[in-house]
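These numbers come from the heavy atoms of this one structure, side chains and all, not from hydrogens, waters or symmetry mates. This structure is a prediction, so every number in the text was calculated from the model and none was measured.
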Number of protein chains: 2
Amino acid sequence: MNTVFKALADPTRRKILELLRERPMSAGELADHFDVTRPTLSAHFAVLREAGLVESAKKGKSVIYHLRLSVLEDALLGFAAGFGIGELSAPAHPQDPEGTKP
Amino acid sequence: MNTVFKALADPTRRKILELLRERPMSAGELADHFDVTRPTLSAHFAVLREAGLVESAKKGKSVIYHLRLSVLEDALLGFAAGFGIGELSAPAHPQDPEGTKP
DNA sequence: TCGACATTTAGCTAATCATCGAAATGTTTT
DNA sequence: AAAACATTTCGATGATTAGCTAAATGTCGA
């Protein structure tokens with residue numbers, strides 16, 4: 001949970017998550033949206049992966065990243081709930097919560 | 001908004017906010033809940049104040065800190081809403097339930 | 001006014017972090 | 001097999017950060 005907030009502390013990483021919200025994207029495709037070098041972005045991916053916020057899958061030459069919405073949701077709402085913020089129905093996860101897919 | 005997430009990245013600062021959620025507290029009273037020195041805590045207060053997450057008021061010998069809940073709420077829910085997390089706002093793109101992307 | 005108390009500022013150190021260029025790894029295509 | 005491509009690892013650098021001790025600032029009560 002600390003790793004999630006640490007990951008969220010960087011604007012580049014938050015933007016990566018926002019891009020991934022639309023659809024899964026390859027590392028190179030993501031890189032086209034930023035001015036930093038690919039090694040730098042790769043390091044950001046590692047932080048996000050470490051926090052459980054994204055998952056990666058090799059696809060040919062590329063590596064496809066996709067968002068793990070449930071992790072973001074749990075961290076954000078879990079923390080907010082402690083403050084009485086977001087007294088709202090948690091939406092059913094549209095995404096696989098944990099590696100339960102074949 | 002970046003300053004808010006940066007402020008939330010530290011566990012000590014998150015705990016300060018949680019303590020302040022119950023009631024306003026003086027710097028010294030807050031300090032009793034942590035193992036770090038008072039100057040260190042004072043620096044954390046400065047970060048939280050800079051982010052707008054707390055406000056301070058001098059009261060005699062003490063300085064009373066109180067939470068600014070609306071700032072926390074705006075940052076958290078504002079960010080979450082962009083992901084369809086948290087409220088009535090439906091997700092822009094319901095996530096692809098895996099596999100339908102060749 | 002003096003001394004005790006609460007907090008902050010100042011100055012420092014060690015650790016962490018974002019970034020880079022170059023090299024390495026792995027995959028596809030010719 | 002070799003060239004081309006995508007991504008990551010390696011090694012280095014400058015910036016930021018959390019932490020400390022010591023000193024400064026400000027406030028109250030005797």
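In this structure, Leu17(A) is a member of the same hydrophobic cluster as Leu19(A), with clusters built from ILVMFWY side-chain heavy atoms closer than 4.5 Å. Residues Leu20(A) and Phe34(A) are members of one and the same hydrophobic cluster, defined by side-chain heavy-atom contacts under 4.5 angstrom among Ile, Leu, Val, Met, Phe, Trp and Tyr. Transitive grouping of hydrophobic side chains (ILVMFWY, heavy atoms separated by less than 4.5 Å) brings Leu69(B) and Leu76(B) into a common cluster. Follow the hydrophobic side-chain contacts under 4.5 Å out from Leu30(B) and you never reach Ile64(B); the two are in separate clusters.
Residues passing the side chain to side chain donor-acceptor pair (under 3.5 Å) test with Ser62(B): none are found, sequence neighbours excluded. When the side chain to side chain donor-acceptor pair (under 3.5 Å) test is applied to Glu18(A), no partner is found at least two apart in sequence or on another chain. Evaluation of the side chain to side chain donor-acceptor pair (under 3.5 Å) rule for Arg14(B) yields Asn2(A) as partners, not counting sequence neighbours.
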Pairs under 3.5 angstrom only: tabulate donor-acceptor contacts from the side chains of residues 39-53 of chain A to other protein residues two or more places apart or in another chain.
| unit_1 | atom_1 | unit_2 | atom_2 | d |
| --- | --- | --- | --- | --- |
| Thr40(A) | OG1 | Thr37(A) | OG1 | 3.1 |
| His44(A) | ND1 | Arg13(A) | NH1 | 3.1 |
| Arg49(A) | NH2 | Tyr65(A) | OH | 2.9 |

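Residues Phe5(B) and Phe5(A) keep their aromatic ring centres 6.0 Å or farther apart.
Nucleotides of DNA chain D with any atom under 4.0 Å from a heavy atom of chain A span, from 5' to 3', dC5(D) to dT9(D).
The stretch residues 69-78 of chain B participates, sequence neighbours left out, in no salt bridge (charged side-chain N to carboxylate O under 4.0 Å, His left out) pair at all. The salt bridge (charged side-chain N to carboxylate O under 4.0 Å, His left out) contacts involving residues 23-41 of chain B comprise Arg23(B)-Glu29(B), Asp32(B)-Arg38(B), where partners must be two or more places apart or lie in separate chains. Judged as a salt bridge (charged side-chain N to carboxylate O under 4.0 Å, His left out), the pairs with a partner in residues 63-72 of chain B (not counting sequence neighbours) are, in order, Glu55(B)-Arg68(B).
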Give the intermediate values and the outcome of side-chain contact (heavy atoms from CB on, under 4.5 Å) for residues His66(B) and Met25(B).
CA-CA 7 Å; His66(B) 70 88; Met25(B) 289 171 80; over 6 Å; no
Just do the side-chain contact (heavy atoms from CB on, under 4.5 Å) check on Phe79(A) and Leu72(B) with the steps written out, would you?
CA-CA 11 Å; Phe79(A) 179 71; Leu72(B) 184 61; 4.1 Å; yes
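Less than 4.0 Å separates DNA chain D from at least one heavy atom of each of the following residues of residues 6-19 of chain B: Lys6(B), Asp10(B), Arg13(B). The stretch residues 52-68 of chain B touches DNA chain D through Gly60(B), Lys61(B), each having a heavy atom within less than 4.0 Å of the strand. Residues from residues 41-49 of chain B lying near DNA chain D, meaning a heavy-atom separation below 4.0 Å, are His44(B) in numerical order. Within residues 26-38 of chain B, the residues that have a heavy atom under 4.0 Å from DNA chain D are, in order of number, Val36(B), Thr37(B).
Nearest heavy atom pair, residue Leu67(B) against residue Arg21(B), reads CD2-CA, 3.9 Å.
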